[in-house]
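No experiment lies behind these values; they were computed from the predicted model shown.
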Amino acid sequence: MTEKIVAVDLGGTRFRIAVCEADGHILKQTAHETRARERAEAVFARIVAAIRDFAGTEKISGIGLGAPGPLDAWRGIILQAPNIPGIDGFPIKARLEAELGVPTFIGNDANLAALGEHHLGAGRGFAHMIYVTISTGIGGGLIVDNKLLLGARGFAGEVGHQTLDAFGPLCNCGNVGCFEALASGPAIARMALDEIRKGRESNVLDLVNRDHTKVTAAIVAQAARGGDKLAKRTFERAGFYIG
C-alpha cells in the first residue's frame with residue numbers, strides 16, 4: 001500500500017482535510033466546521049477525530065498542518081490565533097504526534113499556501129511572489145528568490161495585521177485599523193450592518209429574515225449581485241483596502 005500524507009488547513013470558520021500523494025496530488029478532501037467558540041481543546045479533539053475517520057485504513061506517513069496567526073513552526077506551537085479563542089500557545093505538533101503517532105509539521109497557513117502556489121499553482125516559474133489569503137482572517141506569504149521568507153522568528157508576511165487606518169475598528173488581535181479588520185469576511189459583514197444601523201436603505205437583512213446574526217460576507221455578496229447599492233459600496237470599500 002502506497003504511503004499517503006494528510007494535509008490539514010485550520011481556519012477560524014472551518015477546517016479542511018486532504019489525503020495526498022507525495023507529489024501533492026489530492027486523492028480526497030473534506031471540510032468541517034471549526035466551531036472555534038468552543039475553544040482550543042474541543043477544536044483539537046474534532047480535528048483528531050476527523051483525521052482518523054477520513055484517513056481510515058490508509059497508511060499515513062506524515063501530517064502537514066497550516067494554522068492561522070503567528071506561530072513557531074520549528075517547535076510546532078500556535079502563538080496567537082485571534083479567531084480561535086484559547087489556542088494561543090497551543091503545542092499542536094506535539095499533541096497531534098502523540099494522538100496519531102506520525103510525524104507532524106506545521107506552518108502558517110498563508111505561508112504554506114504561498115509554497116503550494118509557487119510549486120504547483122499560479123506562482124510556478126516566478127522567483128518572487130506574494131500570496132494574500134482573504135477569508136475569516138487575512139494572511140500573506142512571501143516568496144523571494146524561490147524561497148519562502150520567514151524572518152527571524154517566522155513572522156514575515158503577516159500582512160493582515162498591518163495598520164491601514166489608525167482610527168479604524170478594533171481588530172481581534174488587539175490592534176486598531178488592521179487590514180483584517182477592514183477587508184476580511186467578518187469585516188465586510190460588520191461594515192454592512194453598521195451602515196444599516198445608521199438607517200441606510202438595503203435588502204441585506206431581507207435575505208436572512210431580519211436576523212442580524214446571520215449576516216455574512218456571502219450574504220452581502222448575494223445582495224450586491226442583486227444590485228443592492230449598500231452592499232456594492234461595502235465591497236468597494238473593502239476592495240479599496242485590499243488594493
Side-chain angles (χ1 to χ4, degrees), residues 1-79 81 83-125 129 131 133-137 139-141 143 146-148 150 154 185:
M1 183 181 295
T2 304
E3 291 189 342
K4 307 297 191 309
I5 297 166
V6 168
V8 182
D9 173 29
L10 173 58
T13 301
R14 59 181 57 84
F15 65 89
R16 297 172 175 83
I17 298 173
V19 176
C20 312
E21 294 178 327
D23 63 359
H25 176 66
I26 297 175
L27 299 173
K28 58 181 181 177
Q29 56 187 314
T30 186
H32 300 262
E33 289 187 359
T34 304
R35 303 213 295 266
R37 294 301 168 189
E38 295 179 13
R39 305 188 72 81
E41 285 294 342
V43 171
F44 176 75
R46 195 172 301 112
I47 291 170
V48 170
I51 292 173
R52 284 180 171 143
D53 179 64
F54 194 60
T57 60
E58 298 278 8
K59 172 67 174 176
I60 301 301
S61 59
I63 297 170
L65 182 141
L71 54 81
D72 186 330
W74 297 274
R75 292 189 298 154
I77 297 173
I78 298 174
L79 299 177
N83 295 311
I84 305 178
I87 208 168
D88 294 3
F90 196 86
I92 197 164
K93 169 182 165 66
R95 292 286 302 275
L96 283 171
E97 288 178 340
E99 289 282 349
L100 299 171
V102 295
T104 298
F105 304 88
I106 81 165
N108 174 271
D109 51 4
N111 282 344
L112 299 187
L115 274 180
E117 289 294 341
H118 186 246
H119 286 292
L120 300 170
R124 285 180 295 180
M129 60 165 277
Y131 177 94
T133 175
I134 301 175
S135 185
T136 305
I143 302 292
N146 289 307
K147 296 179 181 178
L148 180 65
L150 291 176

Rounded distance [0.5 Å steps], CD1 in Ile78 versus CG in Leu65: 6.5 Å
Donor-acceptor pair, side chain of Thr104 and main chain of Val102, under 3.5 angstrom: yes
Straight-line distance of Phe54 CZ to Ile60 CD1, nearest 0.5 Å: 10.0 Å
Option from Ile92, Ile106, Asn111, Ile77 for which side chain to side chain contact (heavy atoms under 4.5 Å, CB included) with Leu71 holds: Ile106
Side chain proximity check, Leu10 to Pro68, heavy atoms < 4.5 angstrom: yes
Sequence neighbours excluded, every pair satisfying side-chain hydrogen bond (donor to acceptor under 3.5 Å, both in side chains) that has a member inside residues 40-51: Glu38-Arg46, Glu41-Arg95
Minimal non-hydrogen separation, Gly140 against Ala110, with atom names: N-CB, 3.3 Å
Shortest non-hydrogen separation from Ala50 to Ile17 and the atoms involved: CB-CD1, 3.5 Å
Interatomic distance, Glu58 atom CD to Leu27 atom CG [nearest 0.5 angstrom]: 7.0 Å
Least distance between heavy atoms, Arg14 atom then Ala31 atom: CD-CB, 4.5 Å
Under 3.5 Å: donor-acceptor pair, side chain of Thr34, backbone of Gly11: yes
Side-chain touch Ile5/Ile63, heavy atoms, less than 4.5 angstrom: no
Reported CG-to-CG distance for the pair Asp72 and Asn108, which is rounded to 0.5 angstrom: 12.0 Å
Minimal non-hydrogen separation, Ala40 against Gly86, with atom names: CB-O, 3.4 Å
Considering all heavy atoms, the nearest Ile26-Ala18 contact: CG2-CB, 4.1 Å
Within residues 6-47 or reaching into it, pairs that qualify as ring pair (Phe, Tyr, Trp, His ring centres under 6.0 Å) - sequence neighbours excluded: Phe15-His32, Phe44-Phe90
Nearest heavy-atom neighbours spanning Val6 and Ala55: CG2-CB, 4.5 Å
Residues which pass side chain to side chain donor-acceptor pair (under 3.5 Å) with Arg39, listed by chain and number, not counting sequence neighbours: none
Spacing of Arg52 atom CZ and Leu100 atom CG [to the nearest 0.5 Å]: 5.0 Å
Asp88: partners by side chain to side chain donor-acceptor pair (under 3.5 Å), with sequence neighbours left out: none
Arg16 vs Gln29, side chain to side chain contact (heavy atoms under 4.5 Å, CB included): CA-CA, chis, key distance, verdict: CA-CA 7 Å; Arg16 297 172 175 83; Gln29 56 187 314; 5.8 Å; no
Of all pairs that satisfy salt bridge (Lys or Arg N to Asp or Glu O under 4.0 Å), the ones with a partner from residues 23-34, not counting sequence neighbours: none
Qualifying residues under ring-ring contact (aromatic ring centres under 6.0 Å, His included), relative to His119, sequence neighbours excluded: none
